[in-house]
Number of protein chains: 2
Amino acid sequence: MTNLEPPKARRVYLLLRDRIASGEYRARSSLPSEPALAEQNGVSRVTVRRALDQLASEGLIERRPGAGTFVKGGQASLPMTGDISNVLAHLVEMGQTTEVKLLSFGYIVPPPAIVEALRLDPDERTQRSVRLRLIDGQPFSYLVTNVPERIGLSYSEADLASTPLLELLERSGLVAERASQTVGATLAGPDTAEPLGLEVGAALLSMTRVVYDPSGKGIEHLQALYRPDRYSFQLDLQRTGAGDARSWKPVDRPRKVAAPARSGRRAPARRPAMEKGSAE
Amino acid sequence: MTNLEPPKARRVYLLLRDRIASGEYRARSSLPSEPALAEQNGVSRVTVRRALDQLASEGLIERRPGAGTFVKGGQASLPMTGDISNVLAHLVEMGQTTEVKLLSFGYIVPPPAIVEALRLDPDERTQRSVRLRLIDGQPFSYLVTNVPERIGLSYSEADLASTPLLELLERSGLVAERASQTVGATLAGPDTAEPLGLEVGAALLSMTRVVYDPSGKGIEHLQALYRPDRYSFQLDLQRTGAGDARSWKPVDRPRKVAAPARSGRRAPARRPAMEKGSAE
DNA sequence: CAATCCTGTATCATATTTAATACAGAAATC
DNA sequence: GATTTCTGTATTAAATATGATACAGGATTG
């Protein structure tokens, strides 16, 4: 009756893209032939073709008439990684440049989810800002912050575009004492897809962070959405103790530890890396 | 020419679902009318209708002829949360039951990404297993592990279905000394969507973990995919030190600290929670 | 009760997606 | 060089998604 599933060509495209990224089809080697792919996925060759067209237009594969379709190993621009236990630190550049675009700014009546998270009084308003963070001119995160109105008034709209929010808060004499972060995944909607330069329906890494002052009142609510191909979280752990007391402890990212595995069944990665964990 | 984007009805569906989950449309209150939604999204009413049909069939909204469409506040079954700094601990149940289904098991020539991550010799084979983890009979994670062949031989296929892999490895006398975890997001492909009970194209939270022994050799490569509506990572942080030395430290999840913000622009959450961080 | 706004339902037209099929030309194999 | 296998291209038909429109009937408002 009603079919809300993605079109078949898209399915095949996603599948192949994933397999290429995960290294299942090795670079410089060939993919199965179009007829083979068609049969494997139960679709027609025309459909397979459309998926391949897309991959080719993104530069992921190379097609040689008569020969086959080949994975274009190469400069898969690697994602930055944020040290998840230190995501609150300022963003330190490593030759790369990050800039911030302020997409929207204003005072609103926050949705109930935010009221609850920040423990606001009913009808208390918040300053809501939407920012886009770019690296080398390429957007990689979409940030929606809510700050209680009285706090938000302590800095200007222009400040937001240049200074990390937490720093602004602390300058105002506020103390960020505790924070709670949750990491999940969502799909890009029309509103988030466009500024991030993605299609609607792309996968996004999401982080929600609530920062509290010593009294337990909420200071900041951040909803961050990341392009997983440009940003991911990393946490390095070290075993400590012995016997039953053995447990894992986060360690300050041992640099150059390994060719670290990438997330999301994606590309193998030599890591250019950033010296310190980055914020937002 | 070629359009690989999801159908419009799906876009609207995703958008609304996100807004409902994020609390943007409050529970027990009404959504904009069908004509309004149609205009806002630049689609016809018929299309909006299809999106609403889907939401209704999932029980997220309630439609009252003549009156409007209402958000069905309710028992949005909350996601489990894993303490991200402790994801290596065993899974401890809290009244809930987890079981494991072994979907596939065998020895393979691993893709290059795995070879690199585990620092295998070229042509060294790995034991690859695919497992599905369920809670209360509902799947929430899809796990692909690769272990160097010589190590994998130290335990049986049946062991895998009952015992956490890391425990098996340590029983064999191996020492897990260091681990590296990367968290990202992907889309569900046909292969992962089906066992997880999702549609193709759904968002997945992904974690890649590589465990090393003291010599720096890779012991285990885990690629985990989570349903974000059933599982998410959480990290609680506490400010320590003073002045320039101020920094954030992970803290063992302070229970009942707040109505914690949820990930992915999703539902507000009272948290039933698990006592200890869970594995995989 | 009348006016209005909403959802439920149906019909018809159009654009797009998918499939089935055929054939040309490039590349690899023997 | 002949054969096979592959991609490039085109044409057709069917299925599907989308849009435009109309109207019935419940809910709400005044």
Side-chain angles (χ1 to χ4, degrees), chain A residues 1-17 20 25-26 28-72 189-190 199-201, chain B residues 1-17 20 25-26 28-72 189-190 199-201:
Chain A
M1 191 180 45
T2 318
N3 179 17
L4 285 184
E5 293 208 341
K8 298 193 183 179
R10 183 178 168 85
R11 289 200 201 186
V12 176
Y13 160 70
L14 291 171
L15 181 70
L16 293 179
R17 193 177 57 128
I20 291 171
Y25 296 137
R26 6 195 116 198
R28 307 254 153 259
S29 134
S30 86
L31 257 57
S33 74
E34 293 179 2
L37 286 173
E39 205 205 352
Q40 287 167 27
N41 295 284
V43 298
S44 77
R45 198 188 136 207
V46 191
T47 305
V48 167
R49 205 120 227 301
R50 269 199 276 274
L52 293 178
D53 285 344
Q54 181 69 19
L55 290 169
S57 81
E58 293 172 7
L60 286 173
I61 59 172
E62 196 185 329
R63 309 166 91 177
R64 288 207 279 272
T69 307
F70 298 83
V71 177
K72 237 190 188 175
E199 307 164 0
V200 175
Chain B
M1 188 183 46
T2 317
N3 177 19
L4 284 184
E5 292 209 342
K8 299 194 182 178
R10 184 178 166 85
R11 288 199 202 186
V12 176
Y13 160 71
L14 291 171
L15 180 70
L16 293 179
R17 193 176 59 128
I20 291 171
Y25 296 138
R26 7 195 115 196
R28 307 252 153 261
S29 135
S30 86
L31 257 58
S33 74
E34 292 178 2
L37 287 172
E39 204 205 354
Q40 287 168 27
N41 294 285
V43 299
S44 76
R45 198 185 137 207
V46 192
T47 303
V48 168
R49 203 118 228 301
R50 272 198 275 272
L52 293 178
D53 286 344
Q54 181 70 19
L55 291 169
S57 82
E58 293 172 8
L60 286 173
I61 59 172
E62 196 186 329
R63 308 165 93 178
R64 287 206 281 273
T69 306
F70 298 84
V71 178
K72 239 192 188 175
E199 306 163 0
V200 175

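Per chain, numbering begins at 1; letters A, B, ... match sequence-line order.
In this model, the phosphate group of C:dA19 is approached by a side-chain N or O of A:Lys8 to a distance below 4.0 Å at OP1 or OP2. Remark: B:Thr69 is not in phosphate contact with C:dC6, judged by side-chain N or O atoms under 4.0 Å from OP1 or OP2. Within the structure, every side-chain polar atom (N or O) of B:Arg64 is placed at least 4.0 Å from both OP1 and OP2 of C:dT7.
Here the closest heavy-atom approach between residue A:Leu52 and residue A:Ile61 is recorded as O-CD1, 3.4 Å. Nearest heavy-atom pair, A:Leu55 versus A:Arg17, reported as atom, atom and distance to 0.1 Å: CD2-CB, 3.9 Å. Scanning both residues, A:Tyr13 and A:Ala51, for their nearest heavy atoms gives N-CB, 3.5 Å.
For B:Lys72 and B:Glu62, the salt-bridge test fails: no basic side-chain N is under 4.0 Å from an acidic carboxylate O.
Residues B:Arg49 and B:Arg45 meet the side-chain proximity criterion, which asks for heavy atoms closer than 4.5 Å. Proximity of A:Leu37 to A:Val12: side-chain heavy atoms (C-beta onward) are nowhere separated by under 4.5 Å. Between A:Leu15 and A:Arg11, the closest side-chain pair of non-hydrogen atoms is not below 4.5 Å.
For the pair A:Leu52 CG and D:dC6 P, the computed distance is 13 Å after rounding to whole Å. When the C1' atom of D:dA10 is taken as reference, atom CZ of A:Arg49 falls 12 Å away, rounded to whole Å. Put simply, CD on B:Glu62 is 11 Å from P on C:dG8, counting in whole angstrom units. Summarising the geometry, the separation between CZ on A:Arg11 and P on C:dA19 is reported as 10 Å, rounded to the nearest angstrom. Residue B:Asp53 contributes atom CG, which lies 12 Å from atom P of C:dT7 at whole-angstrom precision. Put simply, CZ on A:Phe70 is 11 Å from P on D:dC6, counting in whole angstrom units. Rounded to whole Å, atom C1' of D:dC6 lies 14 Å from atom CD1 of A:Ile61. In this entry the distance linking OH of A:Tyr13 with P of C:dT17 reads 16 Å, nearest Å.
Closest approach to the B:Arg63 side chain among D:dT18, C:dT18, C:dT7 is made by C:dT7 (side chain taken as heavy atoms from C-beta onward). Of the candidates C:dT17, D:dG8, C:dG8, the closest approach to any side-chain atom of A:Arg50 belongs to C:dT17. Side-chain atoms of B:Ser33 lie closest to C:dT7 of the nucleotides D:dT7, C:dT18, C:dT7.
For the segment residues 37-47 of chain A, the set of residues with a heavy atom within less than 4.0 Å of an atom of DNA chain D comprises A:Arg45, in numerical order.
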